[in-house]
Engineer: 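Structure in structure tokens, see below.
Numbers restart at 1 for each chain; the letters A, B, ... are given by sequence-line order, proteins then strands.
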2 protein chains.
Amino acid sequence: MTRPDVPCSAVAVDLAVLTVRDRCLHVLVVVRAKRPHQGRLALPGGFLEPDEDLDQAAHRELAEETGLDAADLNVHQLRSYGAPDRDPRGRVVSVCYVALMPDLPLPIAGGDARAADWAPVEQLLAEPDQRAFDHHLLLTDAVEHARDRLSHTTLATTFCPPEFTIAQLREVYEIVWGTQLDPSNFHRKVTGAPGFLVPTGGRTAGTGGRPATLHRAGPATRLHPAILREPHSEQHTKGATGHEYR
Amino acid sequence: MTRPDVPCSAVAVDLAVLTVRDRCLHVLVVVRAKRPHQGRLALPGGFLEPDEDLDQAAHRELAEETGLDAADLNVHQLRSYGAPDRDPRGRVVSVCYVALMPDLPLPIAGGDARAADWAPVEQLLAEPDQRAFDHHLLLTDAVEHARDRLSHTTLATTFCPPEFTIAQLREVYEIVWGTQLDPSNFHRKVTGAPGFLVPTGGRTAGTGGRPATLHRAGPATRLHPAILREPHSEQHTKGATGHEYR
DNA sequence: CCACTTATGGTCACATTGACAAAAATACGG
DNA sequence: CCGTATTTTTGTCAATGTGACCATAAGTGG
């Protein structure tokens with residue numbers, strides 16, 4: 001059905017699957033088994049199938065790589081990448097998705113036997129030229145995207161198990177943002193944001209301190225008021241990722 | 001160069017070019033000259049050329065449709081659309097860009113002689129099924145994107161001429177958001193946001209009121225503090241566009 | 001000079017925030 | 001069993017941002 005008079009490209013869907021693990025932000029990576037970039041770390045992904053929506057492809061790839069049903073996870077399109085030379089095999093336009101998930105037992109070795117494992121984001125970002133294709137750029141953008149979203153949405157709860165304490169949630173923010181947050185003020189903010197947290201009635205025990213009340217994620221998606229990343233101040237002319245707004 | 005063993009798609013780049021005109025938000029549309037959707041209004045766009053980056057393609061299309069050099073305009077990728085049946089001719093994945101510009105003299109009839117003209121966004125959004133392809137969805141997302149960005153970035157100035165008054169800037173916010181803003185409080189906020197506005201020294205004249213000082217866009221891109229859309233309050237569980245975060 | 005219009009500045013009550021203190025509720029060591 | 005350390009949770013206070021609203025400044029047109 002594709003028309004012969006129109007330039008034709010392969011369309012790939014790549015995934016930046018993020019989680020918080022061992023007090024660090026991790027991303028799911030695979031070791032490439034084939035050329036090009038054989039042996040290098042890459043984001044999991046694959047080509048769009050003929051009768052598939054982009055979102056469907058992302059969910060399928062996620063299921064193949066992690067064995068997880070993405071239905072209740074958080075998978076969102078980030079942006080597309082189409083530099084003409086980004087894949088030496090030919091023209092490939094890649095649609096990148098970001099998925100956030102709690103620290104589940106393990107990424108099952110993928111359906112197609114590629115080795116998939118968690119890698120610390122900080123370490124990967126420190127060596128810009130070791131990734132396959134332009135996946136360093138994809139990862140940079142994905143992390144920045146996740147950081148931004150934590151401020152304005154209730155996304156942080158997707159890094160947590162179904163029931164969690166406010167300290168666990170605070171740890172997520174601290175790790176993703178690389179900052180320290182005041183426990184007392186953080187508590188006030190998140191409990192004050194309508195629809196963010198729902199107390200389950202349960203409490204923790206055996207942690208050597210006052211037991212914490214357990215919470216579930218509430219119905220809200222946008223956060224009001226937002227939880228700000230920077231202690232305020234400063235001229236904000238920065239923007240790291242190369243996809244600067246305005 | 002494209003490998004035969006991989007599903008192949010056409011990749012299109014579509015543009016939602018927004019401007020403020022006659023106190024309404026307008027978008028640049030073309031009347032489709034060919035089937036499918038002949039005679040219907042569509043967002044301008046075209047297919048990705050073999051040796052072109054996505055951003056380059058967006059700039060090229062913008063130049064073709066408006067005759068404008070996009071260098072100093074504001075063109076950003078929104079997201080991609082890839083429903084299998086979105087184009088009856090075959091598989092087409094479309095990367096949508098949003099461009100914001102001041103109300104320049106006119107959109108020159110495009111290089112390929114298609115009629116390009118401004119259409120009021122409100123009117124287009126009111127008739128969901130009259131657009132070509134899924135361009136109603138693209139437009140919905142583009143407008144929501146622009147609205148969100150006004151709060152947190154200095155994007156609003158790109159709707160204004162090089163020199164503008166604070167009242168003109170306020171009008172941009174009011175029109176894009178569909179709200180009324182208090183002139184006095186708005187003035188306090190925008191003049192207080194560091195790097196947002198730079199007074200040029202000039203003043204208006206002949207407007208039947210106190211002359212306003214003229215400003216240029218400042219160096220800042222992010223806005224601090226943000227200029228909030230809603231007078232506060234309310235449970236924010238909404239999200240209109242179908243691409244809900246969380 | 002006066003009415004009118006628009007821009008800009010000020011006031012005040014209120015909400016949000018960060019820094020910090022204090023209280024509550026547990027574990028653990030003696 | 002008591003005191004101390006630890007962690008959660010609740011307050012307090014000053015600084016700042018915000019909305020509602022009023023006042024003043026500085027033009028135009030009669």
Side-chain angles (χ1 to χ4, degrees), chain A residues 23 150-152 160 163-174 177 179-194 196-215 222-236, chain B residues 23 150-152 160 163-174 177 179-215 220 222-236:
Chain A
R23 297 197 53 85
L150 284 206
S151 311
H152 305 289
C160 297
E163 295 201 354
F164 54 88
T165 68
I166 294 188
Q168 284 177 287
L169 184 65
R170 176 164 46 86
E171 202 183 75
V172 167
Y173 277 91
E174 290 180 340
W177 285 350
T179 60
Q180 289 280 105
L181 299 173
D182 181 275
S184 154
N185 292 334
F186 183 82
H187 189 280
R188 183 185 1 132
K189 278 204 208 179
V190 296
T191 53
F196 192 11
L197 300 181
V198 178
T200 65
R203 307 183 84 82
T204 56
T207 54
R210 173 171 174 172
T213 60
L214 290 170
H215 298 263
R222 305 296 260 250
L223 224 39
H224 234 60
I227 298 182
L228 293 185
R229 183 153 142 208
E230 6 224 347
H232 86 18
S233 76
E234 285 179 287
Q235 311 276 11
H236 293 266
Chain B
R23 295 199 54 85
L150 284 205
S151 311
H152 304 288
C160 297
E163 296 201 355
F164 52 89
T165 67
I166 294 188
Q168 283 177 288
L169 184 64
R170 175 165 47 84
E171 200 183 77
V172 167
Y173 277 90
E174 290 180 341
W177 285 349
T179 59
Q180 288 279 105
L181 299 173
D182 182 275
S184 157
N185 292 335
F186 183 82
H187 188 280
R188 188 193 349 147
K189 279 204 211 180
V190 297
T191 53
F196 192 10
L197 301 182
V198 178
T200 65
R203 308 183 83 82
T204 56
T207 56
R210 173 174 175 173
T213 60
L214 290 171
H215 298 261
R222 308 295 261 251
L223 224 39
H224 234 62
I227 298 182
L228 293 185
R229 184 155 140 208
E230 6 224 348
H232 85 17
S233 77
E234 286 180 286
Q235 312 276 12
H236 293 265

Engineer: Which nucleotide, D:dA20, C:dT26, C:dT8, lies nearest any side-chain atom of B:Asn185?
Structural biologist: D:dA20

Engineer: What's the separation between atom CG in A:Leu181 and atom CZ in A:Arg229, rounded to the nearest 0.5 Å?
Structural biologist: 11.5 Å

Engineer: Provide, to the nearest angstrom, the distance between the CG atom belonging to A:Leu181 and the P atom belonging to D:dT8.
Structural biologist: 14 Å

Engineer: Working to the nearest 0.5 angstrom, can you tell me the gap between A:Thr200 OG1 and A:Glu163 CD?
Structural biologist: 4.0 Å

Engineer: Compare the minimum distances between each of D:dT8, D:dG27, C:dG9 and the side chain of A:Ala212, then state the nucleotide with the smallest one.
Structural biologist: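 Of all the options, the side chain of A:Ala212 is nearest to D:dT8.
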
Engineer: Can you name the closest pair of heavy atoms from B:Tyr173 and B:Leu150 and give their distance?
Structural biologist: OH-O, 3.1 Å

Engineer: Take A:His152 and A:Arg222 through the test side chain to side chain contact (heavy atoms under 4.5 Å, CB included) and record every step on the way to the result.
Structural biologist: CA-CA 6 Å; A:His152 305 289; A:Arg222 305 296 260 250; 5.6 Å; no

Engineer: Between C:dG18, C:dA7, D:dT9, which one does the side chain of A:Arg188 approach most closely?
Structural biologist: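 Closest of the options to the side chain of A:Arg188: C:dG18.
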
Engineer: Within the structure shown, what part of the strands sits under 4.0 Å from B:Thr204 by heavy-atom distance: base, sugar-phosphate, or nothing?
Structural biologist: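 Nothing: the residue B:Thr204, judged by heavy atoms under 4.0 Å, touches no strand.
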
Engineer: Please give me the minimum heavy-atom distance between B:Thr165 and B:Ala212, naming the atom from each residue.
Structural biologist: CG2-CB, 3.7 Å

Engineer: Select base, sugar-phosphate, or nothing to describe what A:Ala205 touches, counting heavy atoms under 4.0 Å on all strands.
Structural biologist: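 No contact at all - A:Ala205 keeps every heavy atom at 4.0 Å or more from the nucleic acid.
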
Engineer: Measure from NE2 on B:His187 to C1' on D:dA20 and round the result to the nearest Å.
Structural biologist: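 Taking atom C1' of D:dA20 as the reference, NE2 of B:His187 is at 18 Å.
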
Engineer: Figure out the CD1/P separation between B:Ile166 and D:dA25, and round it to whole Å.
Structural biologist: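 One finds 19 Å between P of D:dA25 and CD1 of B:Ile166, rounded.
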
Engineer: As a test of reading the structure: which of C:dA23, C:dT8, C:dG18 is closest to the side chain of B:Ser184, going by heavy atoms?
Structural biologist: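 The answer is C:dT8.
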
Engineer: A:Asp182 or A:Gly208: which one's nearest nucleotide on DNA chain C is closer to the 5' end?
Structural biologist: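 Residue closer to the 5' terminus by nearest nucleotide: A:Asp182.
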
Engineer: Roughly, in whole Å, what's the span from CZ in B:Phe186 to P in D:dA20?
Structural biologist: 15 Å

Engineer: On DNA chain D, check which nucleotide each of B:Arg203 and A:Arg170 is closest to and give me the residue with the more 5' one.
Structural biologist: A:Arg170

Engineer: Just how far, in rounded Å, is P of D:dT7 from CD of A:Glu174?
Structural biologist: 13 Å

Engineer: Indicate, with a heavy-atom threshold strictly under 4.0 Å, whether A:Thr191 touches base, sugar-phosphate, or nothing.
Structural biologist: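 If one applies the 4.0 Å heavy-atom cut-off, A:Thr191 turns out to touch nothing in the nucleic acid.
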
Engineer: Heavy atoms from C-beta onward define the side chain here; which of C:dT17, C:dA7, D:dG19 lies closest to that of B:Arg210?
Structural biologist: C:dA7

Engineer: I need the CG-C1' distance between A:Leu169 and D:dT8, as an integer number of Å.
Structural biologist: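 About 14 Å, once rounded to whole Å.
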
Engineer: With heavy atoms under 4.0 Å as the rule, sort B:Ala226 into base, sugar-phosphate or nothing.
Structural biologist: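 Answer is sugar-phosphate: B:Ala226 comes under 4.0 Å of backbone atoms only.
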
Engineer: Specify the separation, in whole Å, of atom CZ of A:Arg229 and atom P of C:dG18.
Structural biologist: 15 Å

Engineer: Atom CD of A:Gln180 and atom P of C:dA19: how far apart are they, to the nearest Å?
Structural biologist: 12 Å

Engineer: What nucleotide among C:dT8, D:dG19, C:dG18 has an atom nearest to a side-chain atom of A:Lys189?
Structural biologist: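 Out of C:dT8, D:dG19, C:dG18, the nucleotide with an atom closest to A:Lys189's side chain is C:dG18.
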
